[in-house]
Amino acid sequence: MTGPPASGKSSWIDARAKPTDIVIDLDRITRALSGPGAPAWNQNPLQLRVAHRARYAAMDEAFTLCDKVDVYLIHTMPSPKALAKYKRLEARIITVDPGRDIVMDRISAMRDPDMQRVATRWYNSRPKASQGAMPQASRAW
């Protein structure tokens, strides 16, 4: 799963994954490693550091089980190297993007304001939609 912060990646998985599936979600891992009362989307650098290490370990193990169970991985902005690895694993890449305005509204309402920077970087990294060869309306036949 890929997409900007607050796009609905976790919700997409929640609607489809079975209890026996493996879900690797940095937000969930960080929450599991945080003390009581920590915010749902905790961006504490020390907790994120530990959560990232746990995520990589979970990914390494889960990738060995892909033939036995469905594995859902949230990777907001995978590098070309990561995408190549996922392709070798025959992963299906799904992008969740309800649109920049919705994402920014959700971040303002529910997330750390720093996530707007991450969302902006995500949108800026996307290929620009190209205009068709004939942007004007075709003539009526």
Side-chain angles (χ1 to χ4, degrees), residues 1-140:
M1 299 296 311
T2 186
S7 61
K9 299 178 298 291
S10 297
S11 297
W12 191 95
I13 290 171
D14 289 347
R16 290 161 179 81
K18 300 180 297 295
T20 55
D21 292 337
I22 295 171
V23 176
I24 303 171
D25 177 344
L26 187 63
D27 290 338
R28 291 179 194 205
I29 293 169
T30 306
R31 191 168 42 250
L33 296 171
S34 299
W41 290 283
N42 188 356
Q43 296 298 309
N44 178 289
L46 297 178
Q47 291 167 334
L48 274 174
R49 180 177 165 183
V50 174
H52 274 285
R53 296 287 299 264
R55 178 177 172 263
Y56 289 124
M59 289 166 58
D60 288 343
E61 186 62 25
F63 292 160
T64 69
L65 303 172
C66 289
D67 60 333
K68 297 174 180 60
V69 65
D70 287 337
V71 175
Y72 293 86
L73 168 66
I74 293 179
H75 197 156
T76 297
M77 290 190 295
S79 67
K81 182 179 177 180
L83 287 171
K85 180 176 185 174
Y86 303 152
K87 185 176 181 177
R88 281 193 310 276
L89 293 168
E90 300 179 0
R92 185 172 64 143
I93 308 290
I94 297 168
T95 301
V96 178
D97 178 18
R100 186 183 204 119
D101 292 341
I102 292 171
V103 164
M104 293 304 187
D105 287 347
R106 288 177 181 173
I107 291 171
S108 293
M110 304 184 300
R111 302 283 180 99
D112 185 308
D114 286 343
M115 287 293 103
Q116 288 184 342
R117 181 181 47 79
V118 176
T120 297
R121 194 172 75 199
W122 190 88
Y123 281 107
N124 288 344
S125 73
R126 308 300 296 167
K128 303 293 183 239
S130 63
Q131 286 267 325
M134 296 176 29
Q136 71 278 5
S138 173
R139 69 178 178 195

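Starting from 1, each residue takes its place in the sequence as its number.
A38 pairs by the side-chain contact (heavy atoms from CB on, under 4.5 Å) definition with S34, N42, not counting sequence neighbours. Every side-chain contact (heavy atoms from CB on, under 4.5 Å) that K68 has, sequence neighbours left out, goes to L65. Residues passing the side chain to side chain donor-acceptor pair (under 3.5 Å) test with Y72, sequence neighbours excluded: none. Under the side chain to side chain donor-acceptor pair (under 3.5 Å) criterion, K87 pairs with no residue at all, not counting sequence neighbours. Checked against side-chain contact (heavy atoms from CB on, under 4.5 Å), L89 has the following partners two or more places apart in sequence or in another chain: F63, K85. With sequence neighbours left out, T76 forms a side chain to side chain donor-acceptor pair (under 3.5 Å) with no residue at all. Listed by chain and residue number, M77, R117 satisfy the side-chain contact (heavy atoms from CB on, under 4.5 Å) test with R121 (two or more places apart in sequence, or in another chain).
With contacts defined as side-chain heavy-atom distances shorter than 4.5 Å, the pair T95/R126 qualifies. For the pair Q47 and L33, the minimum side-chain heavy-atom distance is 4.5 Å or more. At a threshold of 4.5 Å between non-hydrogen side-chain atoms, the residues I13 and M1 count as touching.
Sorted pairs that involve residues 13-36 and meet ring pair (Phe, Tyr, Trp, His ring centres under 6.0 Å), not counting sequence neighbours, are lacking altogether. Judged as a ring pair (Phe, Tyr, Trp, His ring centres under 6.0 Å), the pairs with a partner in residues 82-101 (not counting sequence neighbours) are, in order, H75-Y86. For residues 8-20, every residue pair satisfying the salt bridge (charged side-chain N to carboxylate O under 4.0 Å, His left out) rule, not counting sequence neighbours, is listed here: D14-R28, K18-D21, K18-D70. For the ring pair (Phe, Tyr, Trp, His ring centres under 6.0 Å) condition, no pair includes a residue of residues 2-30, sequence neighbours left out.
Closest heavy-atom contact between T2 and P78: OG1-CD, 3.6 Å.
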Please tabulate, for side-chain N and O atoms in residues 101-110, each donor-acceptor pair with protein atoms closer than 3.5 Å (sequence neighbours left out).
{"residue": "R106", "atom": "NH1", "partner": "A6", "partner atom": "O", "Å": "3.0"}
{"residue": "R106", "atom": "NH1", "partner": "S7", "partner atom": "O", "Å": "3.0"}
{"residue": "S108", "atom": "OG", "partner": "M104", "partner atom": "O", "Å": "3.1"}
{"residue": "S108", "atom": "OG", "partner": "Q116", "partner atom": "NE2", "Å": "3.0"}

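In this structure, CG on L26 lies 11.0 Å from CD1 on I24, to the nearest 0.5 angstrom. Note that CG of L83 is 11.0 Å distant from CZ of R88, once rounded to the nearest 0.5 Å. Atom CD of Q43 is separated from atom CE of M115 by 3.5 Å, given to the nearest 0.5 angstrom.
Under the side chain to side chain contact (heavy atoms under 4.5 Å, CB included) test applied with R55, the options L48, D60, I29 reduce to a single match, I29.
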